[in-house]
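The structure appears below as structure tokens.
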Amino acid sequence: MNSSWLVTLPILLPMLGAVLGLLFRKLRRLQIVVTALVILSALATSLALLMTVSLTNRPVVFQVGGWPAPAGITLIGDYLSAFMVLMSQIVLAAGILYATGCQDKCVRFPGFYPLLLMLATGLTGALLTGDLFNMFVFAELMVISGAVLTAISDDRFGVEAAYKYFYISLLASMLLLLSCGALYATYGTLNMADLSRQISAKPDLPLTGLAMVLLLVFFMIKSAVVPFHFWQPDFHTAATTPLSALLSSVVVKLGVYGFIRMTSLLFLDQAPEIRQALVVMGCIGVILGGFGAIGTHNAKRMLAYSTLAQIGFILTGIGWGTPLSLAAALIFTFNHSLIKSAMLMLAGGMASRAAVKSAAFQVLVGVGKASPAAGVLFFLGGISLAGIPPTNGFISKFVFFTSGLEAQAYFSMALIGVASLLTLVYTMRGFMKIWWEEPAGSAKTKTGGDRLIIPALLITLCLILGVWAEPLVNLSQHIVSWLDNPAFYIQAVLGG
Amino acid sequence: MLNLLNFVIWAVLIIHVGMLLVCVWRVWRGENIIDRLIGLDITSTLVLIILILIAIIEGNSIYFDVAIGLTALSAISTIAMAKYIADQRMF
Amino acid sequence: MLSPWLVLPLLTIGLAAVLPVLFFRRKSSTLRMAWLMSVFPATAFGLLLWLSSQVSPGKPVTIQLEWLPSLNLSLSLYLDNLSALFALMVTGIGTLVVIYTGYYFRKDTSAWQFLAYLLLFMTSMLGLVMAGDIITLFIFWEGTSITSFLLIGYKYKTEDARQSAFKALFITGGGGIALLAGLIWIASIAGGTDYATILASGNALRGSPYYPIILGLVALGALTKSAQTPAHFWLPAAMAAPTPASAFLHSATMVKAGIYLLARLNPSLGYTELWFYLLTGVGIITMLVGAYLGFKQNDLKALLAYSTICQLGVMVAMIGQDIEIAYKALVISVLAHSLYKSALFMTAGIVDHETGTRDLRRLGGLARLMPKTSAVALVAGLSMAGLPPLFGFLAKETLLATSLHPSLPPIIGALFPWAAVAAGALLLAQSGLFVYDVFFGKPSDLQHPAKGHEPPAGMWLMPAIPAVLSLAIGLLPEPERLASFLAGAAGDAFGSPVKVSLALWTGLSAPLALSIVAIFSGCILFIFRHRLRPAMQTLLPAIQLNAVYNAVLQGIDRGAELVTRLQRGQLRFYLAIMLTSLGILIVLFQAIPLRYLNDLLPSTPVAPGRLDLLRIFTLGLAVLSSLITVFLRRDLYAILALSISGLAVALWIALEPAPDVALVQIIVDMLATVILVLSLTRLPRPQREKARELTFRQSRPGLLRDGLIAVGSGLLVATLVYVSLSTRPHTSLVSPFYAANAKPLTGAKDIVGAILVDFRSFDTLFEIMVFAAAGLGIHMLLHYAARKAGDQEEPDPRPLAPDEHPALGVGGLPTSSLLHLLAYSLLPLAMLLAVIEMMYGHDQPGDGFTAGIVISLAVGFWYVIFGYHFTKKQLPWLRSGYLIAVGILIGLINGLLSTLFGTGFLSPVDYGSMLNLPLPSGFNLSNSFLFEVAICLTVLGSATYILDNLGRPKEADPESDALLRTIEEETIPQSGRRSA
Amino acid sequence: MQSRNSAIQMTLLIAVIYLALTANLEPSNLVAAFLIGIAISLLIRPRQLTIAWQRLPLAFWSLLRYLGILMLDLVKSGIQVGRIILNPRLPIDPGIVMIDTGCQSELGTALSAHALTLTPGELVVEMDDQGLLFVHCLDASNSAQYVAEAQELRQELLSKIFE
Amino acid sequence: MNLLSALAIGTMFAVGIFQLLRRNVIRSAIGLIILTNAINLFLFTTGAYQGVVAAYDGLNGQISDPLPQALVLTAIVISMGGFSFVLGMLYIISVRYKTSDSDQIKGLSH
Amino acid sequence: MEMLLQIIGLIALIAGTLFSILGILGMLRLPDVYTRLHATGKVSVFGAVLLLVAGISLTPLSLGKGLVLIALLLLSAPAVSHAIASAAYRTGIPMKSNYPDELRKHLPKKK
Ligand code: NA
Ligand code: NA
């Protein structure tokens with residue numbers, strides 16, 4: 001079998017799973033087994049994809065339907081997208097496996113797993129596609145399936161969150177469509193490699209700037225960059241826990257991927273300006289997110305706000321624009337995905353044990369008493385989020401600080417330092433509330449709740465990646481070395 | 001003959017497009033809901049006619065396919081709305 | 001010298017930290033476990049003794065493990081005299097504290113946790129002092145912060161413990177962040193992280209323009225850790241920790257981490273004015289603050305904490321100096337303080353443990369009850385008081401000698417000695433309080449005198465060992481090995497050799513005179529303590545840094561509240577902000593192509609064609625009718641106008657000419673109209689009327705805001721359109737390919753169709769998935785989620801007639817047979833149209849999507865005319881879920897088939913000609929046909945889901961009801977709804 | 001039996017429309033037409049229409065005549081209403097009158113109503129299954145007579161088409 | 001002509017945005033459709049050239065650019081999916097929040 | 001033949017347009033919804049049918065589709081008019097003046 005198939009399988013397998021899940025929607029056991037198998041094999045293929053990219057040292061390219069680029073749609077797994085896909089699939093698999101042990105009612109709805117797999121399809125596809133409009137389609141798949149899954153959440157406010165998310169995403173989709181249109185009108189193609197080539201050749205055509213800003217804002221909405229973040233705390237909180245874990249960790253990373261693509265492929269000439277904007281908005285996000293996480297009254301919401309801040313970190317890293325800072329952003333992206341999903345699962349797991357199912361702190365106070373092991377995990381996750389060794393969060397922070405120093409971005413570094421302290425404040429406060437404080441009144445915790453083996457595995461992975469960080473760091477540096485050379489990508493897609 | 005035909009076709013087309021404006025006005029300022037619904041119904045008839053005229057101009061029967069879809073569905077939607085108006089529900 | 005053995009002490013203790021969790025969970029008594037555990041630090045101590053014997057000045061023992069080669073980072077250990085001194089203290093006192101813990105918690109079976117934390121801390125601390133590079137150091141540094149958080153918060157059920165633990169973590173964690181930045185900066189200037197490199201780059205560091213910042217960052221880390229004023233206040237609060245933790249962390253180890261770091265970096269960062277003034281200033285102030293505040297305290301442990309702060313100040317001040325004697329003073333202070341302070345803490349723990357109180361006012365005369373403990377306290381207390389012949393005396397002497405050194409600048413030179421005297425006097429008075437008032441005097445609070453008895457021997461023996469050592473070092477004439485060891489340590493900190501003698505008596509000298517003054521005034525303070533201390537309680541209460549800390553936290557909370565208030569829940573507000581931000585970004589990026597717009601204006605073609613006029617007219621109609629939707633008050637009217645607008649758009653599209661899109665636009669317009677009206681039936685009329693009222697009663701500023709945003713967005717799109725149109729024709733890199741290859745390669749006359757199902761079929765495959773997700777989602781939402789949540793609709797004002805054929809009309813009349821006739825004919829016709837669109841879609845407008853929507857609307861028409869139930873019964877194949885699944889599955893299979901028979905996934909294959917099937921001309925049994933079928937089925941399934949659920953959200957559904965019941969049984973019942 | 005008949009009729013009808021729409025009389029397309037017709041009939045399971053098979057030629061002829069009448073009615077209707085509209089005085093005398101078609105079947109009533117609505121100046125507002133029509137007439141005073149006549153002819157034709 | 005078209009489509013978009021920002025949720029839904037239409041119109045204008053005949057093979061004359069048409073078709077399907085889901089959510093919101101006023105849908109804040 | 005078709009088309013075009021205009025005019029002039037339905041449901045539809053005839057005769061390959069379209073139009077137009085009229089009556093939209101109404105007494109009483 002041709003290795004170019006590897007780039008389709010991470011998309012098609014979840015899709016197949018979604019279909020089979022729909023067919024077996026009355027046989028829940030079978031549905032779960034199929035879903036798990038599918039997502040695990042998708043994970044395996046993503047891993048194989050990354051390995052292939054790394055071994056052959058060239059992108060895996062698949063021209064769908066055999067049509068030559070730019071006429072057809074190209075799927076391309078270069079280092080960056082293969083990396084992002086692997087990251088997503090890890091967390092997706094974790095989320096799905098968590099769902100199998102989740103006590104929420106909505107995960108037992110017949111459409112839950114198919115929709116979750118559709119989300120997986122959308123995310124993977126958006127990362128692997130080499131066509132801007134195709135990305136729109138996949139992004140919409142993510143939006144709809146995500147909105148549905150949140151709307152059916154056990155949380156009564158799920159539908160409100162989904163409603164707002166949907167409208168805001170609609171805005172994003174419109175911007176992307178406008179951008180696609182403007183780019184097509186200007187450069188006559190939608191293939192990203194081709195666009196890159198054309199834009200480099202003529203970087204200053206009338207609509208180039210507008211298309212760029214529109215695309216930028218699209219990705220900002222996707223990644224909930226302040227001030228385009230308003231949907232995010234609601235959406236990530238109201239969703240059922242396995243979904244929250246996915247949304248707040250990997251789904252928001254589409255924008256991150258987009259920023260990197262924009263600055264390293266599509267808009268090379270305008271990249272400095274974009275980076276400047278990213279730094280400014282990243283810094284705002286870092287502070288706003290940190291404060292928001294401290295100010296909110298709900299554990300899951302706290303983690304959602306925290307994602308605002310963490311995305312801010314990543315943006316800043318991309319914005320600094322040095323190879324090291326890009327690597328830092330990638331490392332941060334990966335690590336954050338693991339940590340945040342684990343933390344959300346833990347918070348949700350505790351909520352499932354509370355007398356009244358809720359992640360509100362007033363309900364969660366003292367709930368952790370029954371599960372001290374979860375406390376250890378949450379604590380480790382918390383210090384990882386705050387960037388304290390020996391966790392992977394520390395590696396992120398270390399590379400980040402190093403690159404910031406190298407980029408001489410002192411002011412943003414100072415802000416980021418403050419934000420790190422804020423992170424420590426909210427994670428530890430949350431920890432103390434759930435595991436250390438005594439429950440008020442007679443509220444009793446339930447004997448059981450969501451299974452916590454998955455967050456345990458994720459936290460273990462965080463620790464492993466904290467101690468044995470070389471592969472990730474090395475990988476991210478390789479990715480950056482590819483990003484430095486967009487011709488590589490272009491050549492792989494268009495040939496010649 | 002062809003010139004005449006051509007002229008007539010264009011004239012007819014312009015007349016019908018112009019009459020659409022009347023329908024819009026009807027929907028905007030109709031006496032009651034039924035009046036507006038009639039406005040909508042007649043709009044789809046006019047659109048049907050315009051599609052046929054475009055087919056004539058382009059000399060291509062593919063616009064008939066569009067027109068078939070329009071006719072079938074406009075009947076459906078008008079009746080469904082009439083049902084809603086009469087009953088405050090559809091089904 | 002490289003020595004792999006260096007990792008052994010660390011490993012030993014690290015292993016010990018894991019053991020309580022693995023083996024001793026609630027099985028063994030704490031005491032036995034503690035004795036067993038103590039073997040590990042003791043072994044480590046022994047190993048370290050052995051290893052330190054291999055160290056000679058300037059020749060450290062090191063080991064390096066490759067860790068992150070990509071970042072040029074390694075994990076390394078490093079043992080010179082300085083780190084050996086600290087490492088030995090950590091393991092030595094650690095051993096004692098572990099055993100002591102066993103006694104302290106002997107009745108508490110859950111204390112294995114405490115032991116685990118303690119040993120984890122010990123690991124971190126040992127790693128910190130043995131680290132061979134600054135990153136390794138930092139890793140362990142943070143480890144101590146975290147583990148000390150756990151230790152301080154060990155009694156987490158009390159608010160005090162939690163707050164204190166958090167306070168310590170906040171301060172030291174904040175310092176840690178600064179430190180990390182500083183260390184990374186150092187590494188980047190020095191070009192490496194290991195000590196050898198850094199110690200060799202002193203000049204580069206000091207010469208760097210960023211030196212002040214680096215110094216500030218490092219100092220922030222070190223000084224907060226070592227509880228220097230003004231960050232000292234976390235240390236007294238940390239006394240909430242169980243006493244064994246205090247005895248270990250707050251005497252010998254963690255608080256000395258900052259000292260160690262400063263000493264370690266002194267050769268490369270020190271010897272500048274800034275360093276001198278910063279450390280001397282902070283150190284002296286801390287010394288005085290600690291001494292003064294300590295004398296006020298009634299809590300034994302608080303008293304010890306402040307005296308620790310005082311001593312830490314002394315040490316910091318010493319590191320600030322650039323004279324040899326200061327480093328002698330430093331190492332002697334470090335060792336002496338560790339010995340007596342750990343002893344005193346453990347003694348205080350015994351007192352607390354045996355009497356149940358640590359309040360000075362209630363304690364007194366314990367010497368009779370616990371003579372051995374009091375003896376230990378006496379010895380350690382005398383050392384703290386700085387009285388001969390104890391080791392503490394030597395510490396004070398060297399301090400005074402430093403303070404009198406002629407090289408000090410004038411002001412410091414004048415202040416330092418007297419500050420030292422004052423601190424010494426206060427310390428003496430403090431130890432008087434500790435020793436005399438507790439063990440020999442009478443309790444001042446006679447109402448609640450404390451009672452107690454001697455603890456088990458093991459318990460008092462543990463503090464006795466350091467106490468005796470304090471005495472022994474002082475009494476022994478000249479412990480040569482110790483002196484040279486300390487000299488080595490001092491030399492490591494100083495950067496060049498230091499002479500250290502441990503002789504107490506060095507002849508009459510100025511320091512001795514000052515010392516006598518200090519002792520004398522200390523005695524006076526002690527004698528008048530009963531008057532002084534109450535006065536001090538009122539005097540200078542202003543040094544309340546806790547208030548500052550609280551204010552900072554409150555400030556954070558205030559900021560947090562402000563941020564969360566921004567999240568005010570109104571979607572419109574969010575959208576407005578986002579659109580405005582978009583506008584701001586566009587302006588900032590200068591993305592509006594103003595100069596191009598100028599260029600383009602004159603070149604606009606003036607003479608429009610006839611078709612152009614029609615186009616603009618239909619466009620105008622579309623805009624007009626959209627605009628009308630704003631002004632029409634009733635929702636239904638607005639929907640009608642919207643429908644017209646959609647039709648006008650369709651016309652424009654037909655004129656474009658783009659019949660394929662026009663058809664879909666028409667169909668979608670109808671569908672949108674129908675489901676919009678359908679959803680009107682779902683919203684209660686009063687609700688809608690209220691919303692309408694509110695909408696039309698919007699305030700002027702609100703209207704202005706929305707209007708401006710709308711106009712701005714409109715201008716954006718207008719610009720896009722204008723530029724695209726004016727720059728026509730552009731080059732398309734793809735369309736010529738499509739036009740040229742549609743027929744030859746895919747057999748399609750309809751190029752748009754060919755793009756949809758062939759060239760860009762990947763889009764279409766997932767586009768139908770989006771549509772499927774929407775339909776499925778609506779079903780899940782309305783048939784499962786809403787039911788489960790028990791959403792109650794207001795009762796229907798017009799309930800359905802029970803008849804299966806619900807009436808069209810009001811009075812229960814059946815639907816007219818005329819409409820039946822139409823419905824009967826339309827469904828087969830719609831299906832036929834659908835089939836034709838699928839079969840011949842590649843030659844004419846219409847595709848699978850149109851087909852699916854047409855059928856589903858015809859089915860919806862049946863619902864309207866024949867009623868829902870009848871239709872469902874008549875059309876049993878209409879099972880939306882399966883239709884969706886089968887549809888997408890066919891899409892996938894189609895892709896795979898073309899992989900097998902064609903050139904790749906979704907590539908064009910004509911199975912009909914492949915199999916030589918006699919098919920009607922114009923119909924190709926090809927991949928595109930299969931794909932159209934897939935699309936049609938999926939869309940049909942999804943659209944019927946949409947219609948069913950919007951039209952009949954509460955339709956009795958045994959399937960979902962049964963499932964929901966099962967779910968209810970499976971999941972753990974909820975006691976109530978979420979409260980907030 | 002009846003439903004099978006209906007199915008066959010629907011199949012034929014669909015096949016004819018298919019052929020009309022595809023404008024292709026190749027044998028394979030005929031086969032396709034019938035296959036599609038059968039498939040759709042199976043899916044819809046018609047149960048109402050039943051054409052008089054035994055008298056097919058007559059039925060066909062009647063059908064054509066019926067359609068012709070319909071067209072004629074439409075023409076007349078268009079002209080008549082158009083005249084009214086163009087007349088400045090707008091000579092109308094509208095009202096709703098009840099007409100009993102005498103049809104017993106649902107289909108018969110439906111067809112009557114259909115035809116009636118296409119005739120000049122008549123518009124069925126309400127109807128029931130037993131042949132009662134409530135017709136809005138532009139000229140209520142003398143339409144009853146006209147309607148009755150027209151109705152009789154149509155009724156006869158329809159009875160020849162359907163059993 | 002271009003300017004007129006641009007202003008018309010821009011106006012349509014503006015109307016869509018304005019409707020989107022209404023308190024009445026039905027108006028927002030209407031705005032959604034108008035926006036979709038406006039964007040689709042814009043997509044048409046991005047076509048590389050103004051066609052004279054439909055984009056079919058074998059016709060005489062300049063065909064209209066087929067790619068934007070295909071994109072519009074895809075976008076239409078997607079927006080219809082989303083639109084119908086919004087209507088579903090509106091129903092649930094109406095039931096749970098007892099309101100059709102967008103500003104009252106604020107169970108989630110802070 | 002072609003000429004004939006063109007002539008038919010021309011006539012049908014003109015006649016159809018006239019009826020179409022008449023229909024719209026009727027919609028504007030006639031006094032109430034019921035009477036207007038006569039205009040739109042018949043006159044305009046007739047116009048449309050005529051234009052369809054024109055379309056069939058002037059557009060190649062459109063006979064089948066055109067006939068089906070005419071049939072569809074003829075089938076649906078009366079039903080649509082009927083449905084609208086019925087809805088108007090049931091929502092209580094009055095006729096313009098007091099004309100005979102035999103339906104009123106046959107409707108069951110409103111609950
Ligand atoms: Na097609
Ligand atoms: Na087509």
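Just so it is clear, the values below take in all heavy atoms, side chains as well, and ignore hydrogens, waters and symmetry mates.
A pairwise comparison of heavy atoms in E:G81 and C:A774 identifies O-CB, 3.1 Å as the closest pair. The two residues C:L676 and E:A29 come nearest to each other via the heavy atoms CD2-CB, 4.3 Å. Taking each heavy atom of E:S64 and C:E656 in turn, the nearest pair found is CB-O, 4.4 Å. Residue E:I34 comes nearest to C:S626 through the heavy atom pair CD1-CB, 3.8 Å, listed as atom of the first residue, atom of the second, then distance. Minimum heavy-atom separation, E:D57 to C:A748: CB-O, 4.3 Å. C:H730 approaches E:T45 most closely through the heavy-atom pair CE1-O, 4.4 Å.
Between the side chains of C:R728 and E:Q50, at least one donor N or O lies within less than 3.5 Å of an accepting N or O. A donor atom on one side chain and an acceptor atom on the other are not found under 3.5 Å apart for E:D65 and C:Y738.
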message: Is there a salt bridge (charged side-chain N to carboxylate O under 4.0 Å, His left out) between C:K690 and E:D101? Walk through the geometry before answering.
response: CA-CA 8 Å; C:K690 195 162 168 228; E:D101 171 13; over 6 Å; no
task: Please test C:L725 against E:M1 for side chain to side chain contact (heavy atoms under 4.5 Å, CB included), starting from the C-alpha separation and ending with a verdict.
output: CA-CA 9 Å; C:L725 282 179; E:M1 197 51 59; over 6 Å; no
task: Check step by step if side chain to side chain contact (heavy atoms under 4.5 Å, CB included) holds for C:I653 and E:Q69.
output: CA-CA 9 Å; C:I653 293 173; E:Q69 301 181 36; over 6 Å; no
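Using a 4.5 Å cut-off between heavy atoms, C:V721 touches chain E through backbone and side chain atoms alike. For C:L950, the part lying near chain E is the side chain, with the backbone staying farther off; criterion is any non-hydrogen pair under 4.5 Å. Heavy-atom distances place no part of E:V86 under 4.5 Å from chain C, backbone and side chain included. For E:L71, the part lying under 4.5 angstrom from a heavy atom of chain C is the side chain only. Heavy-atom distances place the side chain of C:S679, and not its backbone, under 4.5 Å from chain E. Contacts of C:L642 with chain E are made by side-chain atoms alone, with heavy-atom separations under 4.5 Å and no backbone atom involved. Proximity to chain E (any heavy atom under 4.5 Å) is restricted, for C:V734, to the side chain, taken from C-beta onward. Within the 4.5 angstrom heavy-atom criterion, atoms from both the backbone and the side chain of E:F42 approach chain C. Only the side chain of C:F696 comes within contact range of chain E, with heavy atoms under 4.5 Å apart. If you measure heavy-atom distances from C:A742 to chain E, you find no contacts under 4.5 Å at all. The contact between E:I92 and chain C is made entirely by side chain atoms (from C-beta outward), counting heavy-atom distances below 4.5 Å. Only the backbone of E:I105 comes within less than 4.5 Å of a heavy atom of chain C; no side-chain atom from C-beta onward does. Contacts between C:L703 and chain E at a heavy-atom distance below 4.5 Å involve backbone atoms as well as side-chain atoms. With a threshold of 4.5 angstrom between heavy atoms, C:I639 approaches chain E through its backbone and through its side chain.
In this structure, the side chains of C:S645 and E:I33 stay at 4.5 Å or more apart for every pair of heavy atoms. Taking 4.5 Å as the limit, every side-chain heavy atom of C:L627 sits out of range of all side-chain heavy atoms of E:F18. Using a 4.5 Å heavy-atom cutoff, the side chains of C:D706 and E:R22 are in contact. The shortest side-chain heavy-atom distance between E:Y56 and C:P659 falls under the 4.5 Å cut-off. A 4.5 Å side-chain heavy-atom check between E:Y91 and C:L781 finds every atom pair outside the cut-off.
Of the possible donor and acceptor atoms, one in the side chain of C:Q687 sits under 3.5 Å from a partner among the backbone N and O of E:S94. Put simply, the side chain of C:T695 gets close to the backbone of E:N24: a donor and an acceptor are under 3.5 Å apart. Side-chain atoms of E:R27 come within 3.5 Å of backbone N or O of C:T629 as a donor-acceptor pair.
Atom CG of residue C:D669 and atom CG of residue E:N37 lie 7.5 Å apart, to the nearest 0.5 angstrom. The line from CG of C:L683 to CD1 of E:I26 is 5.0 Å long, rounded to the nearest 0.5 Å. With rounding to the nearest 0.5 Å, the separation of OG1 in E:T74 from CZ in C:F766 is 13.0 Å. A distance of 10.5 Å separates CG in C:L566 from NE2 in E:H110, rounded to the nearest 0.5 Å. Distance CG/E:N40 to CH2/C:W652: 10.0 Å, rounded to 0.5 Å. To the nearest 0.5 Å, the span separating CG on C:L678 from OG on E:S84 amounts to 11.0 Å.
In terms of non-hydrogen atom pairs under 4.5 Å with chain E, the most contact-rich of C:L671, C:I675, C:L571, C:D635 is C:D635. Across E:V77, E:T99, E:I17, the residue that shares the most heavy-atom pairs under 4.5 angstrom with chain C is E:V77. Between chain E and the residues C:I755, C:V664, C:L694, C:V649, the largest count of heavy-atom pairs under 4.5 Å involves C:L694. Highest contact tally toward chain C, considering only E:G51, E:S5, E:S102, is held by E:S5 [criterion: heavy-atom pairs under 4.5 Å]. Residue with the most contacts toward chain C among E:L21, E:L90, E:V15: E:L21 (heavy-atom pairs, distance under 4.5 Å). When the candidates E:I63, E:I76, E:L7 are compared by the number of heavy-atom contacts under 4.5 Å with chain C, E:I76 comes out ahead. Of all the listed residues (C:L575, C:V623, C:T719), the one sharing the greatest number of non-hydrogen pairs under 4.5 Å with chain E is C:V623. For the set C:E561, C:R615, C:R568, C:R692, the entry with the most heavy-atom pairs within less than 4.5 Å of chain E is C:R615. When the candidates E:T46, E:I30, E:T11, E:L59 are compared by the number of heavy-atom contacts under 4.5 Å with chain C, E:I30 comes out ahead. With respect to chain E, the highest number of heavy-atom pairs below 4.5 Å among C:S735, C:A654, C:A786, C:G775 belongs to C:S735. If you tally non-hydrogen atom pairs under 4.5 Å between each of E:A70, E:G31, E:G58, E:P68 and chain C, the highest count goes to E:A70. Most heavy-atom pairs under 4.5 Å with chain E, from the set C:M769, C:E693, C:R565: that is C:R565.
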